[in-house]
Amino acid sequence: MPESSDTSFQSLLHEIRVIPPSPEFAGQAHVRTAEDYDALYQRSLEDPEEFWAAAANELHWFAPWQNVLEWKEPIAKWFVGGQMNLSYNCLDLQVERGRGAKTAILWEGEPGEVRRISFEELLQQVQRCANALRSLGVRKGDCVAIYMGMVPELAVTLLACARIGSVHSVIFGGFAANALVDRINDAKAVAVVTQDSAWRRGNQVPLKGTVDEALTKCPSVRRCLVLRRTGAEVTMTPGRDMWWHDEMARAGAVCPAEPLDSEHPLYILYTSGTTGKPKGIVHTTGGYAVHTYLTSKLVFDLKEEDIYWCTADIGWVTGHSYVVYGILQNGVTTLMYEGAPNFPEQDRFWKIIDDHRVTVFYTAPTAIRAFIKWGDEFPKRHKLDSLRLLGSVGEPINPQTWMWYAEVIGKNRCPIVDTWWQTETGGIMITTLPGAIPAKPGSAGKPFFGIVPDVVTPGGQPVPEGNGGLLIIRKPWPGMARTIFNDPERYQRQYWSQISGAYCTGDGARRDPEGYLWLMGRVDDVINVSGHRLGTMEVESALVSHAKVAEAAVVGRPDPLRGAGGSGCETLVAHDAPAPDLKDELRAWVTAQIGALARPDDLRFAESLPKTRSGKIMRRLLRELAETGEVKGDTTTLEDLGAIAALRQADE
Ligand code: WTA
């Protein structure tokens, strides 16, 4: 990836296929033609407030808003003065609309059990859980940290927090104790909800054990609620730890949804940035509800009878917006699967699709590439004839992967919606709206209604058509992040300072003559490994916290399977050669500090890192080395050319 200081960059992708939706699909879609899309998009730009208000009116409000938008860059307020509750919209409203007996969550555990939880039952569980949280001392505005696997109780906990106006912070179950400590302490969480352990590929991941380790360093946490999932033995600390089943049994059955100000915080979700410290992205209630509701409805073309499955973990934003909130607000059945795609065999996903007659399937390119590698025989064991729409998110889906997905999974019958968005955007921003927009494999498509993307130079100038540049968003949208928790200054600097009047996404893109956007990856020091965002600085600071590491630089390296995999380069202070097992020691160290998802694939050692004369590590050279195995670029500002030679040698 080029440095962000480059004025323009060329895209190497020249994909020209255009694949229109079938007439059958288009004929039944919410938006049916390109003309309808164009007209509605135009209308949404002419009067965005009217457009979003119409969507908001499909939801339930305790009190109406006075203004749709108050915008004073970078602070947005949507549906100002309005009062609503997202849990009410996901549950009570659905029951009122006659969906009480309909399955809200269709869950399959990794060992194979199936649970169907109706909207009515979900509402009951959420009310009890909300009361249980209250009895543990959780109040409106308090942060609750959640560290669980993909079990229905995770969704119950989210909705219970939303019901009483406490703020959830879900921490992905793959994170290690230290990462948990940072996130819990930053948000000053008062309680943690977890489970004994989680199933993963037939093994148990001891979540409660990790929480115990973390909580020795988290003074704000008073209570820990523990779900019994696998039956693994855990240590319960008296006075602090409570069993989920005890508290649920004790809790009152009725807990009306609290009317909340539209701008009341809904959740914090930590994501990687360009410094070592993860950012607590804050989303609020009303605007986020409307954005996730409408994008779910139109992008996934949701209909009453759909069985919708998004494979993302709720530890990531995709799970928040498109496993739980957006889908339940539409009254549609959302499928949750607990385990790994290759357990007990590599056809588990396809079996689930057939068993439950899944109609809409939303996954990530990294998963699709794994399926391709495992072989067509696995999907071919199953019919997959219930599917009608496929989706992709998390990173660019390259044309070959797109074609495989369309042919082998979609049987050339299902449109594919590529969806570009971020933790910060809250919901989908760019997509190939199915039924209306022909897909160009490899392109994320066109802006969603009300969204105004642009591609500019780092100085903010328009780039010539077809050239690459920075992807920015010019107008506020309802699901946008409101701030970085406890650090509004960083929010302004990170997203709103580079290009005047616009949100800077950190991604590179180009726009083709038909207005399709082609994403080109990150332009900052964030890498995308298996669809998960990792700040290179995060991994670097974990590495340098090890006693034997003085300096470290981490750059992305293309990996055909996992996206840009991390490749670390360390320098030791001591001049003697690194011990043979140091590589493994450091990989284990990073796993312990952050989690296995951040473990560098490869480590190289050298006496020093290539630096500019001003002492800045030359990431561009390291990146080139990681990508191509050699350095051809400009080395004139390099302080010590020997460092590059040593790194190259270390690799041989
Ligand atoms: C990348 C995930 C190309 C992008 C929802 C973005 C994509 C980052 C796509 C956000 C896509 C996500 N095509 N790139 N369809 N979707 N990305 O915050 O670099 O985990 O900035 O949100 O993933 O990752 P995050």
Side-chain angles (χ1 to χ4, degrees), residues 1 4 11 13 15 170 172 174 267-274 278-281 283 291-292 295-296 299 310-323 325-326 362-369 390-399 401-402 405 416-433 439-448 451 453 455 468 470-473 479-481 484 494-495 503-510 516-536 538 556 562-564 597:
M1 202 59 239
S4 47
S11 165
L13 254 178
E15 177 64 37
V170 183
F172 175 59
Y267 67 80
I268 304 174
L269 186 58
Y270 286 85
T271 187
S272 296
T274 48
K279 299 176 282 197
I281 299 297
H283 283 290
H291 188 176
T292 54
T295 47
S296 295
V299 178
C310 165
T311 66
D313 191 286
I314 295 178
W316 309 110
V317 73
T318 308
H320 286 61
S321 298
Y322 300 113
V323 174
Y325 290 122
Y362 188 34
T363 195
T366 183
I368 304 168
R369 289 193 298 265
L390 304 175
S392 173
V393 61
E395 55 183 311
I397 173 168
N398 54 304
T401 306
W402 197 105
Y405 195 28
I416 296 178
V417 281
D418 192 1
T419 60
W420 179 91
W421 59 293
Q422 308 176 297
T423 305
E424 295 86 343
T425 70
I428 293 167
M429 305 288 279
I430 298 171
T431 184
T432 43
L433 201 65
K440 295 187 182 184
S443 163
K446 297 194 181 191
F448 188 74
I451 306 299
V455 180
L470 303 176
L471 178 66
I472 60 166
I473 311 289
M480 66 198 284
I484 293 176
Q494 178 98 42
Y495 303 107
Y503 167 81
C504 214
T505 65
D507 276 8
R510 92 185 146 87
Y516 282 68
L517 288 148
W518 298 74
L519 273 297
M520 296 160 64
R522 303 287 306 183
V523 294
D524 55 16
D525 290 324
V526 174
I527 52 178
N528 195 324
V529 181
S530 302
H532 297 149
R533 268 167 74 173
L534 276 179
T536 52
E538 259 173 291
R562 301 199 307 162
L597 77 166

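Numbering of ligands and ligand atoms starts at 1, following listing order.
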Those residues that, when tested against D507, pass salt bridge (charged side-chain N to carboxylate O under 4.0 Å, His left out) (two or more places apart)
R522
Ligand 1: protein residues within heavy-atom distance under 4.0 Å:
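The 4.0 Å shell around ligand 1 contains V317, T318, V393, G394, E395, P396, D418, T419, W420, W421, Q422, T423, D507, L519, R522, N528, R533.
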Establish, from distance only, whether the side-chain atoms of T419 and Y362 form a donor-acceptor pair under 3.5 Å.
yes
Is the shortest side-chain heavy-atom distance between T432 and I416 below 4.5 Å?
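No - every pair of side-chain heavy atoms lies 4.5 Å or more apart.
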Is the shortest heavy-atom distance from the side chain of H320 to the side chain of H283 under 4.5 Å?
no
Between the side chain of T401 and the main-chain N/O of I397, is any donor-acceptor distance below 3.5 Å?
no
Pair T425-Y503, side-chain hydrogen bond (donor to acceptor under 3.5 Å, both in side chains): steps then yes or no:
CA-CA 10 Å; T425 70; Y503 167 81; over 6 Å; no
